[in-house]
Amino acid sequence: MTANVAEEKTPAVPVWNDRAVSVSERVDALVGAMTLREKIAQLYGVWVGASDEGGDVAPHQHDMEEAVDLDVLLPAGLGQLTRPFGTAPVDAALGALSLMRSQARIAAENRFGIPALAHEECLAGFAAWGATAYPVPLSWGATFDPVLVRRMAAAIGRDMRAVGVHQGLAPVLDVVRDARWGRVEETIGEDPYLVATIGTAYVQGLESAGIVATLKHFVGYSASRAGRNLAPSSVGPRERADVLLPPFEMAVREGGARSVMHAYTDLDGIPAAADEDLLTGLLRDTWGFDGTVVADYFGIAFLTTLHAIAGDWADAAGAALRAGVDVELPTVKTFGTPLEEAVTDGRVPETLIDRALRRVLTQKTALGLLDADWTPLPLALTGADLDTPDTLRGSIDLDSPANRALARTLAEEAVVLLSNDGILPLTAPRRIALLGPNADEPTAVLGCYSFPQHIGVHHPHSPLGITLPTLRDTLTAEFPDAEFRAVRGTGIDDGDTSGIPEAVRAARDADIAVVVLGDRAGLFGRGTSGEGCDAESLALPGAQQHLLDALLDTGTPLVTVLLAGRPYALGRATDESAAIVQAFFPGEEGTHAIAGILAGRLNPSGRLPVSVPRTPGAQPTTYLGPRLAHANNVSNIDPTPAFPFGHGLTYTTFHWTDLTVDHHEAPTDGEFSLALTIRNTGRRPGTETVQLYLHDPVASVVQPLQRLIGYTRLALDPGQARRLHVTVPADLASFTGRDGQRITEPGTLELRLASSSTQPHLTARLTLTGPQRHVDHTRHLHAVFVVGQEPVARA
C-alpha cells in the first residue's frame with residue numbers, strides 16, 4: 001500500500017507550461033517537440049465570427065479565401081482567431097462566452113494545449129457591436145494631446161482584454177502625403193512628429209492594458225501615387241527615412257509595441273511583405289524589435305496575385321518568411337498546405353518556420369497562454385452563470401458612462417474652429433436653419449472602422465448598439481427656445497440638387513443658418529471616405545458645393561460645419577462663411593462637442609493635423625515640403641492652403657512675449673535652452689497649443705521649409721501668464737545626408753515658436769558648431785517643455 005502511494009506522483013508539468021523555467025527554454029522545448037504541421041499551424045489565423053447564442057465561433061467566409069474546416073485544422077493547433085467580435089453583431093457577453101468555449105476547444109484538440117491568440121480591430125475603439133465609438137485617429141491628431149490619447153487607448157484595451165482579446169490592429173502610423181487617399185481618416189496627420197507622438201501614446205495605452213499593439217502599415221502605404229489605395233509608392237530613401245519611418249521608430253523604441261503589420265504596397269518594386277531589408281534588417285537588426293510581424297489581410301497572397309513576384313502560394317509564403325513575416329492573416333491560405341509541401345520538397349528551409357514560430361510562441365508565453373494554469377475564462381465572465389447563456393445577454397457594457405465621458409472629452413479637444421467673423425459663439429438665436437446632408441444623420445460622426453459603418457451596414461436589421469445623437473438633437477438641446485427648420489438640401493454624393501431651393505428658402509427665413517457637410521464613411525467605394533474610397537479631387541463630394549454656394553448667396557449668416565474624414569476645399573465659403581468648424585469623424589459624442597462650441601459652452605482648442613486646401617486640385621501637397629513645394633513664380637499652381645497645419649482658433653486671445661535664449665551657440669551634440677511667456681489676454685479660459693518648428697536655411701541636402709519638432713498644450717485663465725521653458729537637443733536638427741546616414745551638421749538654424757505652421761510668434765536664430773555628427777535610432781527624439789509652476793503675473 002505504501003509502495004503504491006509512493007508511485008502515485010503528480011505528473012510533471014511539461015517544460016513549456018512551467019513558469020519557473022525561462023521563456024527561451026520553454027519555447028525551445030516546445031519547438032523541439034512539434035511536428036512540421038504543428039509548427040506551421042501556429043503561424044496562421046482563421047477568420048471567425050462569435051456566436052450570438054454563446055456557442056463555438058464559426059469560420060467566416062470571404063471571396064478571397066477557401067472554406068475552412070476547423071475539425072481538420074484544430075488537431076494541429078491554431079495560431080490566431082481573426083475578429084471573433086468584429087465579424088457580425090454579437091452581444092458582448094455571449095461573444096465572450098463563445099470565444100471562451102472556442103478557446104477551450106482549440107486547446108483541447110491540439111496535443112500541447114495551446115490556445116489561439118485572438119485579435120480585433122481597434123482603430124477608433126474596439127470594433128465590436130455595442131462598444132464605444134471614439135473619434136477617429138485624425139481627430140486624435142487634432143487634439144495635440146498624447147496624454148488624453150493614452151487614456152483612451154488604455155480604456156479600449158481594458159474592454160478588449162476583459163472579453164478575451166489579446167491583440168489590437170492599431171494604430172495606423174502612416175503619414176499623410178496625399179489627402180485624396182481614402183484612409184486619411186485612419187491616420188493621425190501630415191507631420192511625422194505629431195503622428196509619432198500621438199501614435200506612441202496610443203501604443204502605450206493599449207499595451208498598458210495587456211493588449212498587443214500592432215503598428216501599421218509598415219511602410220509607405222500612404223505615399224501611393226495619386227492617393228489611390230494600394231497603388232505603387234514613389235518614395236526616395238530620404239523621404240522614407242525622414243518622413244515615413246520616424247513614427248514607427250518611436251513607437252518601437254518608446255511605445256513598447258509588440259507587433260508590426262507590413263504594408264500592402266511596394267517601394268521601388270519591392271513589396272513590403274517581401275522586403276527583408278525592411279522587416280529584418282531595419283526593424284529587427286537595427287531597431288531591436290523582438291515582437292511578431294503579421295501580414296496585412298491577404299497580403300502574402302498578394303505577392304502572387306497583385307505584385308506578381310511569386311509564382312504560386314508556396315513561393316509567396318517563402319518570400320514572406322524570408323523577409324520576416326511571422327503570421328499569415330486573416331486566414332490560412334499560403335501558410336497551410338502549400339508551405340508544408342514547400343518545406344518538405346526543400347524550397348523553403350524549416351529554419352525559417354522555426355524562426356517565426358519562436359517569435360509567436362514567445363508572445364503567447366508572455367500573454368500567459370502556455371502557463372499550466374491558463375484558463376479560457378475571461379475577466380468579464382468571472383462569477384457568471386455560464387450554463388444559462390440567455391441570462392448573460394446585456395451583462396457586459398462596452399459603452400460605459402466612463403467611456404462616453406472620455407469619448408466626449410476627446411471630441412471636445414479635437415473640434416477645430418477654422419474661421420470666425422465674431423458670430424460664434426451664437427447668442428440666443430431665435431430662428432435657426434439647420435441644413436445639409438449630415439445635419440440629421442446619426443452615423444455622420446463615425447469612421448469606416450467603427451462597427452456600425454464597417455460591419456453593421458451589412459446587417460441593416462440589427463440595431464446600432466450605441467446611441468448616436470445627431471447635430472440636430474444636440475443643437476436643439478443647446479438652444480431649447482430657438483425655432484429650428486431642418487432641410488437636407490442634397491445628399492453626400494448623389495449629386496441631387498432638387499432640394500437646394502427649399503434649403504435656400506429656409507436660410508432666408510432664419511436668423512442664422514448652419515450647414516453640415518462632409519463625408520459618409522465606408523469601404524471600397526461604398527462611402528466617400530475610408531479604405532478604398534479615394535477621391536479624384538478635394539472638392540466636396542456630390543452637389544455639396546452647389547448647396548454651400550447657394551446658401552452663401554442668401555445673405556443670411558452661415559456657419560459651415562464639416563463632419564468628414566479628410567480636408568476639403570470649400571471654394572468661396574473659405575472667405576465668405578461667417579464661421580467654419582471642422583470635425584474629423586468625432587465619434588459618438590462628437591455632436592455634443594460641436595453643439596457646445598457653437599453655443600459657447602466650450603472654448604475650442606483643436607488644431608489642424610492636416611492642411612485644408614484652398615483649391616481642390618493642388619494635390620499631393622502638405623506643409624512639410626521644401627521651398628519648391630510651396631508657392632513660387634516657376635509654376636502657375638499655388639498650393640498655399642486655405643488653413644495651414646496646426647491652425648485653430650479659440651474664443652480668447654493669447655500674447656507671446658519675452659523670448660530668452662541661454663546660449664545662441666551649441667555643439668552638434670549639445671542642446672539649446674529657450675524660455676517665453678504666454679498670457680491669456682481674453683475674457684475666458686482657453687488653451688493655447690505651443691508649436692515648435694525648425695527651419696534649416698542651408699543644408700547639404702534639400703530640407704522642408706520647416707518641420708514640427710515639439711509642441712505642448714497650455715491652459716490659461718483670463719489674464720493668467722506662464723513662463724514656458726524649452727530644451728531642444730541638437731539631435732532634433734538631424735536628417736538623412738547624402739550618404740544615407742542620419743547626420744547633425746553645423747550651421748545656422750531658426751527655432752520658431754508658433755500657433756500654427758504659418759503663424760510664428762517668436763523666432764530664435766541659433767548656430768550649431770563643431771564637426772558633423774552621425775546619429776542613429778538612439779538619438780534624442782523630443783524637445784522638453786516645462787511650464788512654470790507659478791503664474792508670472794496677471795494683467
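As the structure is a prediction and not an experimental result, all values here were calculated from the model. All values below were derived from every heavy atom in this structure, side-chain atoms included, with hydrogens, water molecules and symmetry-related copies excluded.
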- prompt: Is Asp242 reaching over with its side chain to a backbone N or O of Thr736, donor-acceptor style, under 3.5 angstrom?
  reply: yes
- prompt: Donor-acceptor pair, Ser139 side chain versus Ala142 backbone, under 3.5 Å?
  reply: no
task: Using a strict 4.0 Å threshold on nitrogen-to-oxygen distance, state whether Arg614 and Asp575 make a salt bridge.
output: yes
- prompt: NE2 of His630: more than 12 outside heavy atoms within 6.0 angstrom?
  reply: yes
- prompt: Just by distance, do the side chain of Arg607 and the backbone of Ser605 share a donor-acceptor pair under 3.5 Å?
  reply: yes
task: State, with a plain yes or no, whether a side-chain heavy atom of Thr650 is found less than 4.5 Å away from one of Thr687.
output: no
task: Tell me yes or no: between the side chains of Arg742 and Ser734, is some donor less than 3.5 Å from an acceptor?
output: yes
task: Tell me, yes or no, whether the heavy-atom count around Arg572 atom CZ, taken from other residues, nucleotides or ligands under 6.0 Å, exceeds 12.
output: yes
N/O donor-acceptor pairs under 3.5 Å from side chains in residues 725-732, not counting sequence neighbours:
from, atom 1, to, atom 2, distance (Å)
Asp731, OD1, Arg773, NH1, 2.9
Asp731, OD2, His780, N, 2.9
Asp731, OD2, His780, ND1, 3.2

query: Parallel under 30°, tilted from 30 to 60°, perpendicular over 60°: which one fits the rings of Tyr693 and Tyr623?
result: perpendicular
query: So, His761 versus Glu688: side-chain donor-acceptor pair below 3.5 Å or not?
result: no
field: Asn403 side chain vs Leu406 backbone, donor-acceptor pair below 3.5 Å
entry: no
task: Give, for atom CG of Leu194 and atom CD of Gln691, the distance between the pair rounded to the nearest 0.5 Å.
output: 9.0 Å
- prompt: From Glu589 CD over to Leu468 CG, what is the distance, rounded to the nearest 0.5 angstrom?
  reply: 9.5 Å
- prompt: Is it true that atom CZ of Arg151 has more than 12 heavy atoms of other residues, nucleotides or ligands lying nearer than 6.0 Å?
  reply: no
- prompt: Under 3.5 Å, is there a donor-acceptor pair between the Thr677 and Arg723 side chains?
  reply: yes
- request: Verify, without hydrogens or angle tests, whether Thr681 (side chain) and Thr653 (backbone) share a donor-acceptor contact under 3.5 angstrom.
  value: yes
